[in-house]
K.L.:
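Structure provided below as structure tokens; questions to follow.
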Amino acid sequence: MGQVLVLGLINAGIYAVFALGVVLVYRGTGVLTFAQGEIGTLGLYVAYVLVTEQHLPWLVGAAGALLVTTALGAAFELLLVRRMVAADPVSTAVLTVGLGLTILACEFFFFGASPRVLDPPFLAASFTVAGVVVTPTQVAALVVALALGFGLQAVLRRTDFGLGILAASQDAAAVRLVGIPLSRITLVLWSGGAFLAGLAALLVEPTVGTVTPGYASELFVVGLAAAVIGGLTSLPGAVVGGVVLGIAESAASRYLSDANIPGLRYVTVFAVLLAVLLYRALAPELRRRLAPAPAGATA
Amino acid sequence: MRRRVASRLVAGLAGGAVLAACSSAPAPTSLVQDGGTTGGLTAGGTPVRGAVGGTVPGTPGGTTGTAPATRGGSSTGAQAPGTGPAVPGTTGGSTGGTSGAVAPARTTLFTPAEDRIGITPTSLTMCAHAALTYGQAFGTKDSDFNVYWQALNTEKGGIFGRKVSVSYENDNYTPTDAVKAATACKAKNPFMLLGGIGFDQIPAVRNWADANHMLYLHHSATVQGSQGKKYSFTELPTVERLGEGFAQLAVAKYKGKRIGIIERDSSNWAPGVQAFKAMAKKAGLTIVADKAVATNKANYTDELTAMRNAKADVVWVWLNALESTQLIKQSKVQQFSPNWLMFPFNLTSQTLDGDAMTPPLDGVAMYPAYSQGDYSGSFAPYASDMKEFERQYRQYDPDVDLSGIGGDLLFLNWTAQKALHVQLLQCGKDCTRNRFVDVLLGYTGQSPGKTACPIDFRGDGHHGSDSVVFMQTYRAASGKVNWRNTAACVRP
């Protein structure tokens, strides 16, 4: 059981960090972004060039990766999203699909599809918990996810800028009327989301081991499911969603692997997602039906 | 960082795209144009053993005397195929002239209207479905896989004066797209369809080939579902046989050790594992863990932990080259270093570099190893092929880095094409689809080079080989970690 928990938390750290970027952008703009995985992968290639090819320290590579991904998010907002301010969020979401595919094509163009190795920063500092070798970056992924999930939530709730973001997501026109710089808010959200994508990729890569174009897509899909489980608008919820999926997947892998269920991983993710969505859909009605009828009410 | 041409975005070729059907087919050490006035070709260099009718002595080559022997090729057109043994007989190959009275083919799969599709007096066209996107991982593009035909067309004028061309359709490494690719190929009216690596794609295309009367030479696939198929052929071992091959290697090297399995979660891969387990049970191997994983899982911490929990000394990775590379890299992070059994590609060994030597990796394949410039040891028996391969690439495709991660893939593809060349020669000047099937069904070959393994379709008329090659990683003189054969043509 301890091993299931440890493996689940390792998975959770991965899914949660991907989910956070999705939620941050969705929370502030109402747009579901599908480019997180590829933005992060692009950051990894930047780190690969700096660390493996230029022999610079890992931290320099990481800083370069975060700089590039943040700048990419900002450029995306300035050049494209800002011009679609009146568009339906679905249109912008489709635009993020285009961004992801464009980045994927660039990765193929410049690096080819051969796997690249970016060695982890602290391999020697790994330790064993319940028979599982845990690396520092795996711990960092979970800690960072928790810190960002709850920290960003606090920023959103307790700072003027955060409240501006929340207000903008509710009624952008009203926010603009009261003088809140909407363009700055969206710029921060998109570049912040891209920063988180880069951070997620850096934290996940040592676990995955190699970098190839699109390498994060499968992980991102589960991260997206984690965001949905968390309600899509809750940053702590995204972390919780990551933990739920991570542990569920780990438990299924441990206890159901002998059942020979094809696609067990996806079945697990889908089953949890379905259960949560059904609960959300049915819970109000169930509560209403189970609630005692008001006094004096008649059929 | 290396800038690549834009075509690479859509062009690379997966796992031996064209090795389609024949990568382990015997590739004679020389294919020489005879001295005949009509330009016929003879396949040289091999003694001849008839498939159906017993041993057929080789015949002297062309009048130049440079061709040691033909294997029943009908390059003269003087003797019709289909008499006695299914292998067309030949009386020499020196004239290469037009046929006189040519006996009908024994095979009647194709109607007269279908029989000559894709073949004219001046051209022979083929089409391949292959995972072009996946192939980019090997740093290759589709034109890199046509060098053999390019050299043949330029230097020998093709086959019986027919220029050979092969085009490619991307199957995206999925069954659905493979059928789409096959359909797109059919629209080009090829003589035959070739199928690149893809345990999941080939069974789907096999069904399609029968429904569409398409001559189909494909890479390895499971036996399951092939029963009754008439239009598809493979000269490579089946998925089941590969699984057995891995078990044979495990028995030979790791008997008494604890074996773990990490396998692709696919019904088209599973028969290999079942065959492995069946042979393992017979040989007394101990299998301590078996985990199935989805395609592109990326994070294998669960599976590696399961192997460690089970105290596996040896882990058989029944996944593709990219996934295997990723998994072994992660095992190092997990500080888990068992002996690994896997598909041997230089892509994996060169990417892992030192990690592929601690301990050396073990592999089982249906193709020979390749390490540029190394003609010694286990490479010696087919060094002449390697040299010719390298010469052709220097001449026709000089930008390709044969020492890199795609060199072995190109070599296995090249040897497959060379074998296909021999069969097309044997098909004769009057080659048709039905005649080509005659050749396949009667083809038995064993070239002097030890890469070549026996081919014999007498079993089910569909599968021609049960031979596999054992390999191990080594550090080449170039400094790169590559694979080399440790045993060739291993049979059940």
Side-chain angles (χ1 to χ4, degrees), chain A residues 3-4 6-8 10-11 14-15 45 48-49 53 104-106 108-117 119-120 123 126 128 130-135 137-138 204 206-219 222 249-250 252-254 257-258 260-267, chain B residues 1-6 8-12 14 133-141 265-267 270 289-306 308-309 321-323 325-336 347-348 350-353 355 404-406:
Chain A
Q3 208 168 63
V4 168
V6 174
L7 289 168
I10 289 172
N11 291 338
I14 293 172
Y15 303 147
Y45 275 111
Y48 165 79
V49 169
E53 293 193 346
L104 186 67
C106 289
F108 276 119
F109 186 78
F110 288 108
F111 297 96
S114 309
R116 310 289 170 129
V117 174
D119 284 326
L123 187 56
S126 300
T128 304
V132 181
V133 175
V134 180
T135 65
T137 44
Q138 287 168 341
V204 168
T207 299
V208 175
T210 59
V211 188
T212 50
Y215 100 106
S217 55
E218 298 283 321
L219 301 173
V222 186
E249 191 182 309
S250 171
S253 173
R254 169 60 60 89
S257 63
D258 290 339
N260 290 324
I261 301 170
L264 177 63
R265 178 189 192 207
Y266 298 108
V267 169
Chain B
M1 190 167 71
R2 187 154 54 96
R3 186 179 173 87
R4 292 162 190 262
V5 292
R8 175 144 301 172
L9 294 174
V10 290
T133 44
Y134 179 69
Q136 292 174 52
F138 290 85
T140 57
K141 55 187 186 299
D265 186 359
S266 160
S267 59
D290 179 2
K291 301 289 277 186
V293 297
T295 314
N296 298 324
K297 183 166 189 267
N299 174 16
Y300 298 97
T301 309
D302 279 3
E303 289 73 24
L304 290 167
T305 302
R308 185 205 301 276
N309 287 344
L322 284 174
E323 293 164 335
T325 306
Q326 214 165 37
L327 189 143
I328 292 174
K329 191 70 192 168
Q330 288 177 32
S331 79
K332 300 299 174 183
V333 175
Q334 285 287 309
Q335 299 168 22
F336 178 54
L347 166 74
T348 300
Q350 290 189 12
T351 303
L352 292 171
D353 194 46
D355 287 341
I405 54 175

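So that the names make sense, note that chain A is the first sequence line, chain B the second, and so on, each numbered from 1.
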K.L.:
Of the backbone (N, CA, C, O) and the side chain (C-beta and beyond), which part of B:Asp353 lies under 4.5 Å from a heavy atom of chain A, both, or neither?
P.N.:
neither
K.L.:
Any idea how A:Phe111 and A:Tyr48 line up, ring-wise: parallel (<30°), tilted (30 to 60°), or perpendicular (>60°)?
P.N.:
perpendicular
K.L.:
Return yes if some donor-acceptor pair links the side-chain N/O of A:Thr210 with the main-chain N/O of B:Gln326 below 3.5 Å, else return no.
P.N.:
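Pair absent, no side-chain N/O of A:Thr210 close to backbone of B:Gln326.
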K.L.:
Chain A: which of B:Thr325, B:Leu352, B:Ile328, B:Asn309 shares the most heavy-atom pairs with it under 4.5 Å?
P.N.:
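Highest number of heavy-atom pairs under 4.5 Å: B:Asn309.
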K.L.:
A:Ser250 and A:Val4: which non-hydrogen atoms are nearest, and at how many Å?
P.N.:
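Closest heavy-atom pair between A:Ser250 and A:Val4: OG-O, 3.0 Å.
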K.L.:
Is the backbone N or O of B:Lys291 less than 3.5 Å from a side-chain atom of B:Glu303, with the two atoms forming a donor-acceptor pair by type?
P.N.:
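No; zero donor-acceptor contacts below 3.5 Å.
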K.L.:
Below 4.5 Å from any heavy atom of chain B, which atoms of A:Pro213 appear? Answer side chain, backbone, both or neither.
P.N.:
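When you check distances to chain B, no heavy atom of A:Pro213 falls under 4.5 Å.
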